[in-house]
Amino acid sequence: MANPRNEPRDPSGGDDFDIPFDLPSETSAPRPRAGGIAARAAALANPGGPAAAGGVYLDGLNPEQRAAVEATEGPVLVLAGAGTGKTRVLTTRIAHILSLGRAWPSQILAVTFTNKAAREMKERIGAMVGEQVEGMPWLGTFHSIGVRMLRKHAELVGLRSGFTILDTDDQIRLLKQLLQAEGIDEKRWPARLLANTIDGWKNRGLSPSQVPAGEGASFANGRGQKLYTDYQARLKALNAVDFGDLLLESIRLLRENADVLADYHRRFRYILVDEYQDTNVAQYLWLRLLAQGSHNVCCVGDDDQSIYGWRGAEVDNILRFESDFPGATVVRLERNYRSTGHILGAAAHLIAHNEGRLGKTLFSEGETGEKVTVTGAWDSQEEARAIGEEIEQIQRQGSTLSQMAILVRASFQMREFEERFVTLGLNYRVVGGPRFYERAEIRDALAYLRVIASPTDDLAFERIVNVPKRGLGDAALRQIHDHARAAGVPLVEAARQLVGSEALKPKVRLTLRDLVGSFDRWRGQMTSMPQHELAEIVLDESGYTEMWQKDRSAEATGRLDNLKELVRAMEPFENLIGFLEHISLVMDTEGAAGQDAVNIMTLHSAKGLEFETVFLPGWEEGVFPNQRALDEQGRAGLEEERRLAYVGITRARRRAKVFFASNRRIHGLWQSSVPSRFLDELSESDVEVTESRGGSGWGGGQSGRYGYGPSRFDEAQTFGSSYSTPGWQRAQNAARADERGSGPSGGGYSGGGRAGGAGSGFSDSRPSRYAATAAARGRVIEGELVARSSGSASSFKRGDRVFHQKFGYGDVTGVEGNKLTVQFDKAGEKKLVDSFVAAV
DNA sequence: TTCTCTCGAGTTTTT
DNA sequence: CTCGAGAGAA
């Protein structure tokens with residue numbers, strides 16, 4: 001299309017980059033109006049004009065932010081600490097580039113990790129530059145931009161444009177089939193593990209042939225690499241890609257087709273990357289390829305907030321930026337606008353314990369505020385109880401529940417809070433959890449729609465042949481499979497052919513005929529009615545809705561609601577194909593914010609959010625830092641855990657409240673625990689130890705820091721009894737009842753009295769009576785004792801007389817590794833880990 | 001084919 | 001303890 005202007009020219013104006021399956025918002029997006037540049041220039045010159053927002057956008061920035069925005073040319077790394085206005089810089093920078101007329105909206109590539117981040121960025125840019133943002137087709141997640149490229153050039157990487165994107169579930173089912181075909185024992189080598197392994201390779205940008213020999217051999221006695229090769233072949237045959245391929249294949253596309261790459265180089269004048277510390281190798285390679293064009297690449301990130309190493313993120317990417325992009329401008333944003341002085345101080349002191357970091361010191365000009373509190377609880381139930389109380393108290397002081405959040409390390413910790421809040425009648429909302437489109441009922445429904453839209457989608461067909469149960473089980477499916485392979489046709493077609501033959505049992509044949517007939521019928525209706533109406537008909541006629549209506553389990557109604565929600569979500573799309581195209585990448589929960597409620601979520605999902613008050617429970621060795629992270633990743637794992645702690649604290653605007661419990665039930669066993677080393681890494685001057693509930697002066701069970709020095713929290717553990725309270729849990733089992741009967745009950749929540757509680761054990765660090773047992777279980781990594789193994793043999797034997805803090809005295813009646821069976825005098829028989837009983 | 005039971009494992013999560 | 005997945009029984 002001819003463009004009257006010389007430079008810059010907007011390539012999106014009718015060029016062949018448009019693809020058929022866009023979101024409605026994109027296809028209907030108005031192209032930049034004629035005179036865009038003039039209008040923008042006018043806006044700059046005349047801040048009072050219609051596009052005035054652009055004229056003043058630089059005003060509110062601090063000098064560093066402004067520098068980051070104005071350094072438009074060449075590589076720029078913005079090290080943006082927590083709460084320093086990272087998103088603001090990113091969005092303002094885009095607005096700035098547009099306002100200066102340096103590029104058309106369609107010439108800016110802006111990548112984020114999540115759809116949520118992309119959406120937010122779009123909104124904020126929109127607020128600054130108005131409709132122009134609609135012309136930014138290249139603002140999106142790595143994956144969605146990858147898809148866009150691949151759809152356009154599918155044939156260059158051996159795909160057809162309508163390829164399907166497999167989610168994790170499909171992926172696993174496919175791999176299971178491969179494992180079976182190879183005769184590999186799925187118990188020893190689970191498909192899940194293979195999926196993770198392959199994902200790991202893909203994250204590192206490795207195609208099957210590039211997998212290092214040693215690693216390829218690590219799975220299933222050397223067959224890992226072959227399986228990966230087979231898997232890729234199978235994907236191609238199905239005209240499908242998985243998430244990793246979206247990047248890997250894009251990279252291949254760009255590498256192997258110089259003309260395509262040149263095209264994108266010409267197109268992308270400015271590249272911006274959010275959360276750069278989270279990029280993996282594949283994403284890095286992809287970016288580097290594209291950045292070779294203009295060199296105007298701006299990465300924003302915070303090495304201290306890199307918490308996704310375990311899924312392939314390479315902190316190294318951000319640490320290496322300056323050598324990767326020579327001549328890079330580095331801007332540090334250290335002025336924090338979020339948290340009070342004490343919170344920042346505590347967080348800074350903590351994170352300073354990490355070695356591999358670029359180093360930033362956050363400062364705030366705001367008030368010092370309240371100190372970070374550290375509170376010890378006897379066990380996890382009391383911890384939940386104490387937090388519940390604090391929440392109610394803060395609420396009484398006028399805060400809303402939504403301004404508070406409980407951030408846990410692992411989701412098993414959430415349960416206790418949920419139970420507690422249910423009894424308190426306190427509204428809470430669990431953020432995160434299974435994504436909407438990951439729910440079984442949604443995927444089933446989608447599978448039906450996929451088969452309708454694309455009769456060659458074997459995986460989708462397999463998923464729902466027998467859902468709801470209609471008597472088409474393994475045997476029938478195998479027959480269809482065999483026939484499909486023999487005839488070289490997709491499953492649906494094979495089914496159709498079998499129905500016409502005599503090969504099937506009469507009953508099966510009839511059922512299958514109905515099913516195939518239904519699909520044909522629905523497919524016929526696809527063009528004659530809106531997709532959401534079709535979906536309703538399909539769910540109804542297939543018996544799927546009925547299946548859940550008959551289900552009397554607790555979740556059934558929720559599932560039906562989800563299905564309704566799905567139907568509703570389909571409405572805005574142009575057609576079924578358009579809907580399916582984007583569902584796999586762009587559908588997220590976006591849970592109704594709804595009523596005022598306390599937020600409960602993992603530390604990971606809290607990244608990027610902020611709250612007035614943040615509760616951080618479970619700061620105990622093993623839980624946080626997480627034992628497995630330590631065992632598997634050693635020092636690197638510890639540092640990532642520490643960054644997680646840093647992320648947690650810096651979520652707080654006004655109050656950060658840390659908790660630890662001396663006892664916690666993990667996998668059904670009561671374990672006593674040691675306060676987290678991170679507690680000691682918080683600067684003392686920013687922390688206040690609020691010994692919550694009394695303290696009988698027993699001190700902690702296990703003190704002794706396992707080699708990393710005594711802690712000031714070792715004995716700051718207390719007894720507040722949770723055992724004597726009225727039964728607040730639902731069905732209590734016998735064991736729980738026993739505990740209540742025998743626990744060292746302090747007589748209610750408030751019990752115990754405060755005397756001698758706080759800090760009484762601070763200075764006098766008595767040697768623990770359990771130290772010997774504990775030390776035997778120590779584990780050294782890189783000369784530093786950072787981990788404890790739990791699998792070692794016990795030093796106890798049958799017949800030993802032992803003492804337990806909660807259950808009292810008893811006799812060992814059985815030993816299995818480090819797990820003991822103990823017959824307690826009062827509490828009855830218990831199974832527990834040896835480290836929390838002591839020999840007497 | 002489907003239901004029930006036993007066994008085993010058991011961070012973090014996006015796309 | 002608690003959930004999910006696979007193996008045996010109806």
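Sequence lines set the chain letters: A, B, ... in the order given, protein chains first and strands last, and positions in each chain run from 1. Treat the numbers as computed from the prediction; the structure is a model and nothing was measured.
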Is it the case that A:Asp242 and A:Tyr231 place a side-chain donor and acceptor less than 3.5 Å from each other? yes
Step-by-step side chain to side chain donor-acceptor pair (under 3.5 Å) determination, A:Gln180 to A:Glu182: CA-CA 5 Å; A:Gln180 263 160 20; A:Glu182 288 284 311; over 6 Å; no
Determine the contact category for A:Phe142: base if any of its heavy atoms lies under 4.0 Å from a base atom, sugar-phosphate if only primed atoms, P, OP1 or OP2 are that close, otherwise nothing. nothing
Using a heavy-atom cut-off of under 4.0 Å over every strand shown, decide if A:Gln283 touches base, sugar-phosphate, or nothing. nothing
Distance in angstrom units between A:Gln180 CD and C:dG6 P, rounded: 9 Å
When A:Leu603 and A:Leu477 are each assigned the nearest nucleotide of DNA chain B, the 5'-most assignment goes to A:Leu477
Give one of base, sugar-phosphate or nothing for A:Ala475, where a contact means two heavy atoms less than 4.0 Å apart. sugar-phosphate
Output yes if the stacking criterion (under 5.5 Å between centres, under 30° between planes) is met for A:Trp310 over the base of B:dT12, else no. yes
According to a strict under-4.0 Å criterion, is A:Asn466 in side-chain N/O contact with OP1 or OP2 of B:dT2? yes
Heavy atoms under 4.0 Å, any strand shown: does A:Glu438 hit a base, just sugar-phosphate, or nothing? base
Could you please name the option among B:dT11, C:dT2, B:dT13 that lies closest to any side-chain atom of A:Ala629? B:dT11
Nearest-Å distance for atom pair CG/C1', residues A:Leu193 and B:dA9: 14 Å
When you get a sec, tell me which of B:dT13, B:dT11, B:dT15 is the closest nucleotide to the side chain of A:Glu632? B:dT11
How close or far is atom C1' of B:dG10 from atom CZ of A:Arg628, stated in whole angstroms? 7 Å
Of the listed B:dT11, B:dT1, B:dT2, the closest approach to the A:Ala476 side chain comes from B:dT1
Checking all strands, does A:Asp474 fall into the base, sugar-phosphate, or nothing category for heavy-atom contacts under 4.0 angstrom? sugar-phosphate
With a 4.0 Å cutoff (strictly under), does any side-chain N or O of A:Asn115 reach OP1 or OP2 of B:dT15? yes
If the test is salt bridge (Lys or Arg N to Asp or Glu O under 4.0 Å), which one of A:Asp457, A:Asp167, A:Asp169 qualifies with A:Arg463? A:Asp169
Would A:Glu275 and A:Lys86 pass as an ion pair if we require N to O under 4.0 Å? yes
Can you say whether the rings of A:Tyr308 and A:Trp310 are parallel (under 30°), tilted (30 to 60°) or perpendicular (over 60°)? tilted
A:Asp169 CG - C:dA5 C1' separation (whole Å): 13 Å
At under 4.0 Å between heavy atoms, what does A:Asp242 touch on the DNA or RNA strands: base, sugar-phosphate, or nothing? nothing
Side chains of A:Asp245 and A:Gln232: any donor to acceptor distance under 3.5 Å? yes
Examine B:dT12: is either OP1 or OP2 under 4.0 Å from a nitrogen or oxygen in the side chain of A:Ser411? Give yes or no. yes
Round to a whole Å and report the spacing from CH2 of A:Trp286 to P of B:dT15. 15 Å
What is the distance from CZ of A:Phe412 to P of B:dT13, rounded to the nearest Å? 13 Å
May I ask you to evaluate whether A:Thr602 reaches the phosphate of B:dT11, defined as a side-chain N or O under 4.0 Å from OP1 or OP2? no
Can you tell me if A:Glu383 and A:Gln413 form a side-chain donor-acceptor pair at under 3.5 Å? no
Please tell me which of A:Glu641 and A:Leu472 maps to the more 5' nucleotide of DNA chain B, matching each residue to the nucleotide holding its nearest heavy atom. A:Leu472
OP1, OP2 of B:dT13 versus side-chain N and O of A:Lys116: anything below 4.0 Å? no
What is the distance, rounded to the nearest whole Å, between atom CZ of A:Arg311 and atom C1' of B:dT15? 8 Å
For a quick check of understanding: with a heavy-atom distance under 4.0 Å over all strands, which category does A:Lys176 fall into, base, sugar-phosphate or nothing? sugar-phosphate
Distance check needed: C:dC1 P versus A:His667 NE2, whole Å only. 13 Å
Report yes if a side-chain nitrogen or oxygen of A:Arg192 is closer than 4.0 Å to either non-bridging phosphate oxygen (OP1 or OP2) of C:dA5; otherwise report no. no
